[in-house]
Peer 1: 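Here it is: the structure, laid out below.
Order of appearance sets the numbers: ligands from 1, and atoms from 1 within every ligand.
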Amino acid sequence: MIAITKPIVGDREKELVVEVMNSGMLAQGPRVKELEEKFAALCGTKYAVATNSGTAAIHASLAAFGVGAGDEVITVPFTFIASVNPILMQNATPVFADIDEKTFNLDPEKLEEKITKKTKAIIPVCLYGQIYNYEKIKEIADKHNLFLLEDACQSVNAKRGDLMSGACGDMAAFSLYATKNIMSGEGGIVTTNSEELATKVMRFRHHGQGPDVRYFYHELGYNYRTTDLCASIALAQLERLEEVTNNRITNAKYLSECLGGLEGITIPHIDENCKHVFHQYTIKVDSEKVSRDEFLQKLRDGGIGAGVYYPKPIHLFPLYEKFGYKEGDFPVAEKMSQQVVSLPCHPSLSREDLDTIVKSVKDALK
Ligand SMILES: *Cc1c(COP(=O)(O)O)cnc(C)c1O
């Protein structure tokens, strides 16, 4: 089986983790601080604040914006549920806007009509590793005075124009979950240029304390801290970020060269001036010519660990349907959930693996 993902754990991760174990300082400490400094430098932001998951990073960001009951937050229905659930955690109202069929990201044309007096923030997602249409969406956010939170959980090291992922908004939230492009088992990071927002996130992850004075509780917070053990894994991963990113891009390029122009499928689109980091290499199956589910089954029978991200849009789950959403509300998201197939593209694939994937796709289309 050629797996859809394969976490890389090298000697460096083990070495750094053992150092922490021997130090006796297992919780949040100097390694977390080092990770935050290196991550901020990578993204070109003034601050980075580590958390114990991407979900916690999104939740803390919304809290830092002051999102609460009565506020509306706009995001996309075609994403992992963790992009959206933090809106409910803050007792705010989720409002969906449809995606663009080419990039799978928030369609700026669909955004403005969703803005009301109650809108407080927008969460565009950098799905599969490509940054959303920052230029247009930032313009709309500024015009209406809205906070912009980039869900960068899939887009570490991606770039759009001169901006790195993490710098495309007022805040950004990354995930270091085991299958992400770099990881620490579980983990997350918030980036921002605002000292005020960074301080709020530091408090939110630490029961409202600090960042300096202990046992003084400024506001409600959670325990969203990560550990020096996890930060050590992430630091070792960061050392090979360029290499693993380049491998993903090279693999994606090869797949697109081999699969481009085949009848029945569409290869991923890359926006102009974008560095797409291919957390997923996602093709679209033309459902009028080929059944996606049969295509997927054939790939899996042939030993290709293909995946569907995501088989059902968020607005059709009971948690969100109760806000009045129903089938037909977001035709592009609904169509994409029927058409997408992600093929293995991770950095450990050999040329032989890639050729096997290409052959299996061609066979499955026959
Ligand atoms: C992984 C992911 C998250 C959540 O990250 P966790 O670390 O698993 O909590 C949020 N949004 C998107 C788009 C993701 O892919």
Side-chain angles (χ1 to χ4, degrees), residues 4-5 7 32 35 39 48-63 73-90 94 96-97 99-100 103-106 121-132 137 148-158 165-166 168-169 171-191 201 204-205 222-227 229-231 233-234 237 248 276-282 307-315 317 319-320 333 336-337 340 342 345-346:
I4 188 81
T5 177
V32 171
L35 174 65
F39 214 86
V49 184
T51 60
N52 53 15
S53 73
T55 311
I58 296 170
H59 187 193
S61 301
L62 292 183
V73 179
I74 302 175
T75 189
V76 287
F78 191 67
T79 181
F80 181 52
I81 194 145
S83 307
V84 196
N85 278 347
I87 301 170
L88 298 185
M89 294 172 191
Q90 283 303 98
F96 294 109
I99 55 165
D100 166 63
T103 60
F104 308 104
N105 285 335
L106 179 58
I122 308 169
I123 312 177
V125 180
C126 306
L127 202 69
Y128 306 141
Q130 174 159 247
I131 298 174
Y132 63 95
I137 289 170
L148 200 52
L149 168 62
E150 179 191 354
D151 180 338
C153 288
Q154 303 188 354
S155 57
V156 62
N157 213 19
S165 190
C168 298
M171 303 186 101
F174 291 89
S175 169
L176 295 169
Y177 178 66
T179 60
K180 302 290 157 96
N181 288 18
I182 56 169
M183 60 93 189
S184 61
E186 298 274 7
I189 298 190
V190 173
T191 54
V201 170
F204 197 75
R205 78 170 167 190
Y222 292 69
N223 175 0
Y224 277 170
R225 298 181 307 270
T226 188
T227 66
L229 292 167
C230 285
I233 300 174
Q237 298 264 311
R248 281 181 184 272
H276 187 323
V277 294
F278 290 98
H279 173 61
Q280 297 294 349
Y281 180 89
T282 303
V308 171
Y309 310 103
Y310 297 91
K312 184 170 165 155
I314 305 294
H315 68 283
F317 286 91
L319 257 180
Y320 294 94
M336 291 307 102
S337 67
V340 290
S342 298
C345 181
H346 62 77

Peer 1: Does ligand 1 have any N/O atom under 3.5 Å from a protein N/O, and what are those pairs and their distances?
Peer 2:
from	atom 1	to	atom 2	distance (Å)
ligand 1	5 (O)	S175	OG	3.3
ligand 1	7 (O)	G54	N	2.7
ligand 1	7 (O)	S175	OG	2.6
ligand 1	9 (O)	G54	N	3.3
ligand 1	9 (O)	T55	N	2.8
ligand 1	9 (O)	T55	OG1	2.5
ligand 1	11 (N)	D151	OD1	3.4
ligand 1	11 (N)	D151	OD2	2.9
ligand 1	15 (O)	Q154	NE2	2.8
ligand 1	15 (O)	K180	NZ	3.0

Peer 1: To the nearest 0.5 angstrom, please state how far the CG atom of L127 sits from the OG1 atom of T282.
Peer 2: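 Going from the CG atom of L127 to the OG1 atom of T282 covers 7.0 Å.
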Peer 1: Could you tell me whether a side-chain N or O of S342 sits under 3.5 Å from a main-chain N or O of Q280, the two making a donor and an acceptor?
Peer 2: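 A pair under 3.5 Å: no.
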Peer 1: Is the distance between the ring centroids of F204 and H59 under 6.0 Å?
Peer 2: yes
Peer 1: Without hydrogens or angle criteria, can the side chains of T103 and Q130 be said to hold a donor-acceptor pair below 3.5 Å?
Peer 2: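 T103 vs Q130: no donor-acceptor pair found between side chains.
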Peer 1: Decide whether a cation-pi geometry holds between K180 and F174; the criteria are a distance under 6.0 Å from NZ or CZ to the six-membered ring centre and an angle within 45° of the ring axis.
Peer 2: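 Verdict for F174: no cation-pi partner in K180.
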Peer 1: For the CG atom of L176 and the OG1 atom of T51, what is their distance to the nearest 0.5 Å?
Peer 2: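 That separation rounds to 8.0 Å.
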